[in-house]
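Let me begin by presenting the structure, written as structure tokens, before commenting on it.
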Amino acid sequence: MTTRRTVLKGLATSAAAGLLGPSILTKAAAAATTSEGTWHITGSHWGAVKALVKGGKVVEMKPLESDPRPTDMVNGIKGLIYNPSRIKYPMARADWLDNRDKADRTTRGDNRFVRITWDEALDLFHEELERVQTTYGPSGLFAGATGWRQTGQFHSCTNHMNRAVGMHGNYVKKAGDYSTGAGQTILPYVLGSTEVYSQGTSWPVILDNSKTVVFWASDPVKNLQVGWNCETHESLPYFDDLRDKAAAGDIRVISVDPVRSKTQKHTGAEQLYLNPQTDVPFMLALAHTLYSEGLHDQEFLDIYTLGFEPFIDYVTGKGDGGVEKTPEWAAPICGVGADRIRDFARLLASGRTQLVFGWAVQRQQHGEQPYWMGAVLAAMLGQIGLPGGGISYSHHYSGVGVPQTGASMPGAFPLNLDLGKLPEHDSDDFKGASTVIPVARWVDMLLNPGGTIQHNGHDITFPDVKMAVYCGCNPWHHHQDRNKMRRAFQQLETVVTVDYSWNATCRHSDLVLPACTQFERNDIDMYGAYSNTGVVAMRKLVDPLFASKTDFDIFTQLCARFGRDKEYSRGLTEIEWVENLYEEARSANAGSFDMPPFAEFWELGEVRFGRGEDWVRHADFRDDPEINALGTPSGFIEISSRTIGKFGYDDCGAHPKWMEKLERSHGGPGSDAYPLWLQSCHPDQRLHSQMCESDEYRATYAVQGREPVYISPEDAAARGIADGDLVRVLNSRGQLLAGARVSEDYPPGVIRIHEGAWYGPEDASIGALDTYGDPNTLTMDVGSSKLAQATSANTCLAEVEKFEGPVPSVTSFGGPREG
Amino acid sequence: MQGSSAHPKAQLFRLLAGIFFRELTDREIALYREAAAEPLLAAAGSGRAAQQAVADFRFAIANWEQHAGLKRALAADYARLFLLPGRSAAPPYASAYLEEGGQLAGAAHDRMTVRLTGAGMALSDGSREPADHLSVMLEYLAELYGQEAPVEPPEAFIAVELLPWTGRFAAAASRVSPHDCFYAAAARLCAATLEGARPPVRPA
């Protein structure tokens with residue numbers, strides 16, 4: 001008879017004991033578990049929140065009571081922390097681990113991974129940096145792509161990656177970004193600054209002075225839910241005021257947009273529909289009306305601008321083959337009747353008019369033109385620099401328009417090397433290639449090493465990149481044309497990604513390092529990116545999950561591989577950095593804004609600086625254009641730019657022009673094959689791709705588990721599609737599955753899929769069906785023009801059909817699969 | 001932990017806990033090849049399902065190919081099933097099966113945290129795996145079997161905390177076909193052994 005004792009005795013001497021090993025449980029002090037938990041304040045892109053932490057776990061999250069208009073997205077944050085897609089351990093692609101630069105790259109995105117230790121992972125990271133620097137030099141390494149990161153001034157991952165990788169060696173960097181690439185390039189030539197990231201006229205000033213507010217392809221009520229730093233949402237109540245003033249007839253609010261926007265509906269604004277991508281013909285006709293009817297402000301143009309004459313010659317048909325840009329000329333292109341165009345021009349000139357532009361309109365081919373043309377219209381109206389007049393390119397972003405306090409904000413962890421320090425590999429021999437590329441051209445770079453493009457007055461020669469490093473950045477969300485990307489990624493010998501969730505960038509990587517979320521680390525943040533409303537403490541809520549680490553720890557330990565960790569961290573710990581950043585701000589604010597000592601602040605969770613001062617954009621320039629000259633080459637508003645003209649570009653000339661697009665709906669090129677314009681603007685229920693993986697929250701908007709595609713009743717009916725149907729959206733570049741949302745907000749010929757939907761192809765083949773609904777499966781990867789070389793995501797046509805057949809499961813939120 | 005070594009079922013659950021907690025070492029692979037696990041498998045039970053699961057487990061080991069890449073292949077299988085998310089995964093967490101959307105650290109995690117804290121237990125080696133990891137729960141179960149007067153009957157713990165999801169876990173592990181079916185067989189062995197330990201239904 002076998003007894004417990006004989007089994008035990010037998011095991012002790014048998015090989016079986018060798019299989020058991022030590023227990024994974026150990027003795028610890030017994031403790032009571034009856035705590036009610038503790039509430040902590042922390043910050044996020046979605047606003048300041050209070051989190052209840054109990055038993056080492058975040059059990060509840062809610063907006064700070066003082067948030068005037070919290071976003072529903074706060075309900076998705078917990079789903080980020082405890083998401084099943086979290087990267088748990090450092091992982092290496094098995095084939096790459098065995099064969100490194102000789103590994104099979106065709107299986108990227110669909111391959112086997114194995115767990116490795118942190119030491120192994122960081123050794124590999126360092127070895128690859130060494131190999132690439134010594135084999136190819138700095139032109140072999142691309143670490144330029146950056147994204148929206150998580151919030152927190154200290155842990156800003158972009159800074160950590162750039163400082164650490166830069167401490168090891170030089171590398172190829174990027175210029176511009178995906179959000180505003182065309183705008184931030186053209187506007188310095190026109191208005192002297194990027195404008196897109198500038199504080200705008202205060203909302204109280206607009207509300208008190210404007211007679212007409214025009215939201216031009218701008219949807220602030222949607223986009224102001226999120227902010228670059230901890231968002232205050234102070235700007236949103238102003239839209240209630242605007243709604244009330246519109247209802248009372250004090251302000252006329254107009255939304256120029258093919259789609260009925262959230263802002264339009266919230267404020268009760270009138271909609272001025274125009275065909276997609278035809279803003280410029282419409283605007284040229286407005287300029288024609290203003291000029292021909294003598295409604296333009298010639299005195300303003302004479303004093304404050306340069307180059308009106310060549311432009312108006314173009315408008316009146318004295319140039320450009322004699323085509324006069326009359327409302328009758330524009331009407332068939334833009335779909336707005338000639339009389340309506342004239343009426344709108346007269347309205348703009350009838351009183352104080354604030355033009356408010358969004359960003360999506362410049363994310364198209366020739367996206368520089370509508371922005372430039374907007375500035376020209378504002379200049380012709382002569383109200384730039386007046387309260388409630390002029391033009392804004394930023395009021396939908398990060399609380400722009402909330403009066404700024406003037407308080408100093410905490411700085412950040414340094415992005416660059418300390419003064420006088422050089423990288424370990426300080427070669428700057430890029431083998432004749434460019435050291436900086438326009439960010440949206442990195443796929444072209446990988447596919448065409450040695451190739452050249454023109455960019456903003458320079459010739460760019462693409463380097464032969466062999467290794468890419470991404471940190472808190474998901475190019476497999478924000479870049480265009482997934483199938484082109486798949487081919488491009490096969491050119492890379494090594495891809496290292498640091499992130500917290502298995503997104504498509506991780507799946508296409510060789511080495512994946514788990515960062516923790518911002519809720520698992522201590523940090524500090526600005527409360528209000530432009531308003532400087534206060535400072536928020538970001539106390540670590542829970543320990544990093546699994547084996548994840550802070551970006552600071554990851555890159556400090558990477559730098560230790562080449563003996564520069566102390567230099568990297570400056571010998572400070574996480575909390576010492578946070579305290580120092582706070583105390584530096586406190587010192588700068590001494591005598592102006594009271595800030596308690598750090599320990600007190602850390603307990604309070606926030607400090608606020610009161611209401612800021614009202615302000616008018618460009619008022620100083622208007623007051624004295626010589627002393628307060630703009631940053632343009634002439635110091636004036638440049639309606640025509642000699643600088644740009646000298647570049648000689650055929651797709652961005654010396655003044656704004658209408659140029660046909662490669663694809664355009666409503667009778668434009670390509671619309672016979674693919675008649676629907678696909679708009680892929682910023683989502684309403686995510687921050688770009690952040691939070692897409694939050695399952696419970698995604699379920700509140702997904703349709704049959706897929707990203708919604710919004711479609712007009714007419715287009716749906718014509719295709720036999722009902723609300724809630726699963727549909728295939730396709731064009732010559734790709735195909736995706738989405739869930740139909742039939743909505744009166746959309747006109748015929750227009751569909752929308754919000755960008756940021758995670759990519760999940762059915763299999764690894766080029767052209768495979770995307771199973772969730774990433775619009776960049778369909779978008780076109782061409783530069784906006786030779787000037788900006790920015791994304792042209794919104795130049796995209798597609799077709800929709802009801803999906804028939806076996807429905808594939810969604811692969812977007814899983815890890816890599818076996819090839 | 002000491003008490004868990006005294007009961008045959010405890011040994012088998014500890015063996016399974018190790019399989020699901022970390023990748024196999026060269027030494028462990030060699031021991032499995034040498035049938036070192038045989039003395040423990042008898043504890044799986046005499047039911048048909050348990051016997052089939054034991055046979056599958058033996059077959060999986062016997063089917064291991066003799067090549068230098070076996071350890072790597074098994075590690076990739078392990079990663080695919082237990083470390084990576086997605087449709088090819090069999091996450092070894094109770095919450096993955098019991099929570100909406102498979103969210104981590106759900107109610108099962110909370111209950112296990114209370115149990116471990118109350119019992120003065122913690123994960124060794126600083127692991128930050130959630131408390132509802134199957135290996136943690138199996139180790140805890142082994143402890144219960146090893147105690148003269150357990151804080152709760154092991155069969156009750158199995159019924160309340162493990163049986164509601166371990167069948168689905170085993171099904172998930174078996175749904176896909178990894179390079180080698182060792183982990184799928186281990187998952188089925190685990191589920192069948194737990195099922196065999198289900199408390200008897202008392203007549204009304």
Side-chain angles (χ1 to χ4, degrees), chain A residues 2 4-5 7-8 10-11 14-16 18-33 54-57 59 78-79 81-86 88-89 91 94 97-98 112-115 502 543-548 694-696 698-699 809-811 813-818, chain B residues 1 4-8 11 14-15 17-18 21 23 27-28 31-32 34 36-40 72 75-76 78-80 83-89 91 96 100-106 109-110 113-114 116-125 127-129 135-136 139-140 142-143 178-179:
Chain A
T2 302
R4 288 188 185 186
R5 184 170 298 280
V7 167
L8 179 62
L11 278 178
S14 78
L19 287 173
L20 296 181
S23 172
I24 60 175
L25 290 177
T26 187
K27 280 287 182 192
T33 54
K54 184 178 177 185
K57 184 180 130 181
V59 296
K78 217 171 124 239
I81 303 171
Y82 298 111
N83 196 275
S85 291
R86 284 288 300 263
K88 301 179 180 73
Y89 296 92
M91 305 294 289
L97 190 58
D98 290 336
R112 290 161 69 78
F113 275 69
V114 292
R115 171 162 58 180
W502 275 99
D543 285 333
L545 266 61
F546 303 99
S548 64
S694 187
D695 302 89
E696 194 175 346
R698 189 176 69 252
S809 56
V810 174
T811 66
F813 308 104
R817 290 172 296 117
E818 186 174 347
Chain B
M1 310 300 288
S4 64
S5 62
H7 192 286
Q11 300 297 344
R14 291 206 56 231
L15 178 82
F21 199 68
E23 297 85 343
R27 168 73 177 148
E28 287 167 334
L31 286 170
Y32 277 113
E34 295 163 9
E38 279 301 317
L40 309 178
R72 170 61 53 78
Y78 179 93
R80 179 189 200 185
L83 299 180
L84 300 171
R87 63 181 180 180
S88 302
E100 182 78 28
Q103 290 291 296
L104 301 168
H109 163 270
D110 298 346
T113 300
V114 169
L116 294 178
T117 307
M121 294 181 192
L123 262 71
S124 59
D125 76 10
S127 168
R128 297 195 295 265
E129 283 287 349
S135 297
V136 177
E139 287 278 11
Y140 176 80
E143 285 295 316
H179 171 265

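A note on names: the letters A, B, ... follow the listed sequences, proteins ahead of strands, and every chain is numbered from 1. Note that this is a predicted model, so its numbers are computed, not measured. Below, all heavy atoms of this structure are taken into account, side chains as well, without hydrogens, waters or symmetry copies.
- Scanning both residues, Arg72(B) and Ala94(A), for their nearest heavy atoms gives NH1-O, 3.8 Å.
- Remark: Glu38(B) CD is packed, more than 12 non-hydrogen atoms of other residues, nucleotides or ligands lying under 6.0 Å away.
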Could you check Leu20(A) against Leu15(B) for side chain to side chain contact (heavy atoms under 4.5 Å, CB included), going step by step and ending with a plain yes or no?
-> CA-CA 5 Å; Leu20(A) 296 181; Leu15(B) 178 82; 3.8 Å; yes

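- For Tyr89(A), the part lying near chain B is the side chain, with the backbone staying farther off; criterion is any non-hydrogen pair under 4.5 Å.
- Here the OG1 atom belonging to Thr26(A) is positioned 9.5 Å from the CG atom belonging to Leu123(B), to the nearest 0.5 angstrom.
- Nearest heavy-atom pair, Gln103(B) versus Pro84(A), reported as atom, atom and distance to 0.1 Å: NE2-CD, 3.6 Å.
- Of all non-hydrogen atoms in Ala15(A) and Leu31(B), the two that sit nearest each other are CB-CD2, 3.6 Å.
- Using a 4.5 Å heavy-atom threshold, the side chains of Met91(A) and Leu84(B) count as touching.
- How far CD of Glu139(B) is from CG of Leu25(A): 5.5 Å, rounded to the nearest 0.5 Å.
- For Trp502(A) against Pro85(B), the heavy-atom pair with the smallest separation is CD1-CD, 3.4 Å.
- Using a distance-only test at 3.5 Å, with no hydrogens or angles considered, no donor-acceptor pair links the side chain of Arg112(A) to the main chain of Arg80(B).
- Of the possible donor and acceptor atoms, one in the side chain of Lys57(A) sits under 3.5 Å from a partner among the backbone N and O of Ala105(B).
- When the candidates Glu696(A), Lys88(A), Lys78(A), Arg86(A) are compared by the number of heavy-atom contacts under 4.5 Å with chain B, Lys88(A) comes out ahead.
- Formation of a donor-acceptor pair under 3.5 Å by the Arg115(A) side chain with backbone atoms of Tyr78(B) is not found in this model.
- Contact check for Arg128(B) versus Leu545(A): no side-chain heavy atoms found under the 4.5 Å cut-off.
- In this structure, chain B has heavy atoms under 4.5 Å from both the backbone and the side chain of Pro544(A).
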